[in-house]
Amino acid sequence: MSFLNSIASLHIFLFLLPSILCKPCDFPAIFALGDSNSDTGGFSAAFGPLGSPYGDTFFHMPSGRFSDGRLIIDFIAENLGLPYLSSYLDSLGANFSHGANFATSLSTIIPQNITLAQGGYSPFSLDIQAMQFSQFQSRSQFILRKGGMLKSLMPMKDYFSRALYIIDIGQNDLTALYFSNSSAEQYIHDAMKAFSKTIKSLYKNGGRYFWIHNTGPLGCLPYVLRQVPGDQKLDSVGCAVVFNELAKKFNRMLNETVAQLQKQFPVAAFTYVDIYSAKYLLISHATKFGFRKPLMACCGHGGGAYNYDPKARCGTSVNVHGNEVLIGKSCMDSSKRVSWDGAHFTEAANKWVFDQIVNGHFSYPSNSLNMACYNHNHKSF
Ligand SMILES: *[C@@H]1O[C@H](CO)[C@@H](O)[C@H](O)[C@H]1NC(C)=O
Ligand SMILES: *[C@@H]1O[C@H](CO)[C@@H](O)[C@H](O)[C@H]1NC(C)=O
Ligand SMILES: *[C@@H]1O[C@H](CO)[C@@H](O)[C@H](O)[C@H]1NC(C)=O
Ligand SMILES: *[C@@H]1O[C@H](CO)[C@@H](O)[C@H](O)[C@H]1NC(C)=O
């Protein structure tokens with residue numbers, strides 16, 4: 001018994017070794033690629049501003065974020081002691097001294113043929129974001145060398161190899177895939193190839209530390225549930241099974257892809273973060289965690305039980321006798337709700353998810369955020 005106990009504690013000791021032996025990482029910057037889950041103003045800068053009540057809770061004005069307040073990436077920046085990320089596309093007041101954000105809402109891994117004007121996707125797909133990153137890197141270093149007043153807005157040269165690279169993308173690929181006739185297997189396979197290609201290009205440009213979010217339970221989002229045909233199966237929580245299965249399939253392949261990249265780049269450190277499980281835990285046990293109505297949008301108008309109507313989304317106004325009247329309003333208390341606008345989480349839910357993932361409990365390897373510069377080779381001490 002005591003022998004087994006000591007084996008067990010030895011095992012725990014070995015497991016904890018990296019955190020005992022290694023200093024926390026010192027990330028001087030964050031570079032982010034992705035979709036609306038991390039967009040801090042890119043879509044707004046390119047295609048026009050979001051209106052109130054977006055941003056009302058924290059920024060007290062629309063901040064280009066698809067939420068009432070902060071996103072997971074904002075809580076990550078706060079935790080690492082870094083300022084909120086400016087969007088690369090934002091030409092006004094941007095400060096890139098501690099990183100840049102290339103994520104835009106409606107971005108996909110695989111470039112789509114349906115334009116935004118046709119109700120489609122962002123033209124800034126993952127490959128384009130990687131090219132923008134390259135452009136940013138050479139341009140910012142040119143400006144730094146030149147000196148002058150813009151110098152203090154640029155990241156230092158060594159930041160590119162010391163930064164944390166955060167990638168959160170795939171959700172829009174899954175909806176694109178669902179409404180196309182392509183095979184899921186083939187599409188996700190192609191998406192993984194494109195994903196690897198982007199990581200390789202970031203690596204080639206100096207990136208070493210990668211923090212990769214998998215995709216959340218798509219089938220639990222009000223905007224998806226609203227479109228699900230009546231004969232579709234819902235699980236015990238009320239989420240659409242087919243969409244969640246698609247997300248899980250994507251995540252399994254992403255996890256494999258990340259493992260392969262880790263093998264291919266042994267000096268880099270990859271952390272795969274299981275956002276899906278954290279979000280599903282919140283949605284399936286919302287009451288236990290102090291939340292209500294997890295499948296109903298807080299902000300919106302009409303749309304039945306999901307409070308989501310594509311014609312009266314969050315922030316929508318209508319003209320009544322010559323006056324603009326906001327109908328897509330926020331619920332009373334967004335701090336108790338999971339879904340903000342039917343497609344994105346509230347700040348409160350983003351914070352809850354962040355609190356789950358920051359310590360490594362949902363990650364592989366199980367590095368906390370501030371240890372994400374170490375790879376799992378350290379486990380085999
Ligand atoms: C840019 O951000 C850095 C870090 O927050 C800050 O020290 C610097 O003063 C900022 N530059 C300008 C011009 O605001
Ligand atoms: C877009 O169109 C091109 C040319 O027809 C095709 O090869 C490609 O597969 C299409 N992409 C998607 C995502 O449907
Ligand atoms: C999918 O296939 C059906 C039947 O072949 C066709 O009517 C439909 O237009 C296709 N949809 C897309 C997005 O290609
Ligand atoms: C991801 O893959 C690793 C092995 O590379 C495995 O241990 C882990 O359980 C997987 N994580 C998820 C969430 O599937």
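Atoms within each ligand, like the ligands themselves, are counted from 1 in listed order.
Note: no N/O pair closer than 3.5 Å links H98 and ligand 1 by distance alone. Close N/O approach between N255 and ligand 4 is found [any backbone or side-chain N/O within under 3.5 Å].
Taken as a pair, C331 and C299 fail the criterion of an SG-SG distance shorter than 2.5 angstrom.
Contacts of ligand 2 (protein heavy-atom distance under 4.0 Å) are P111, Q112, N113.
Within the 4.5 Å cutoff, side-chain heavy atoms of R313 are placed close to those of Y308. The side-chain heavy atoms of S339 and L221, taken from C-beta on, include no pair separated by under 4.5 Å. Put simply, the side chain of H213 reaches to within 4.5 Å of the side chain of I72, judged on heavy atoms.
Residue pairs meeting the salt bridge (Lys or Arg N to Asp or Glu O under 4.0 Å) criterion with at least one member in residues 347-365, sequence neighbours excluded: R70-E347, K351-D355.
Taking the ring centroids of F270 and F210, they lie under the 6.0 Å cut-off. Taking the six-membered ring for Trp and the full ring otherwise, F31 and F160 have centroids separated by under 6.0 Å.
Using a 4.0 Å cut-off to heavy atoms of S97, the atoms of ligand 1 that qualify are 1 (C), 2 (O), 3 (C), 4 (C). Near P83, meaning under 4.0 Å from one of its heavy atoms, ligand 1 places the atoms 5 (O). Within ligand 1, counting atoms from 1 as listed, the ones closer than 4.0 Å to a heavy atom of L153 are 11 (N), 12 (C), 13 (C).
For the pair R65 and Y84, the cation-pi criterion (under 6.0 Å, within 45° of the ring axis) is fulfilled.
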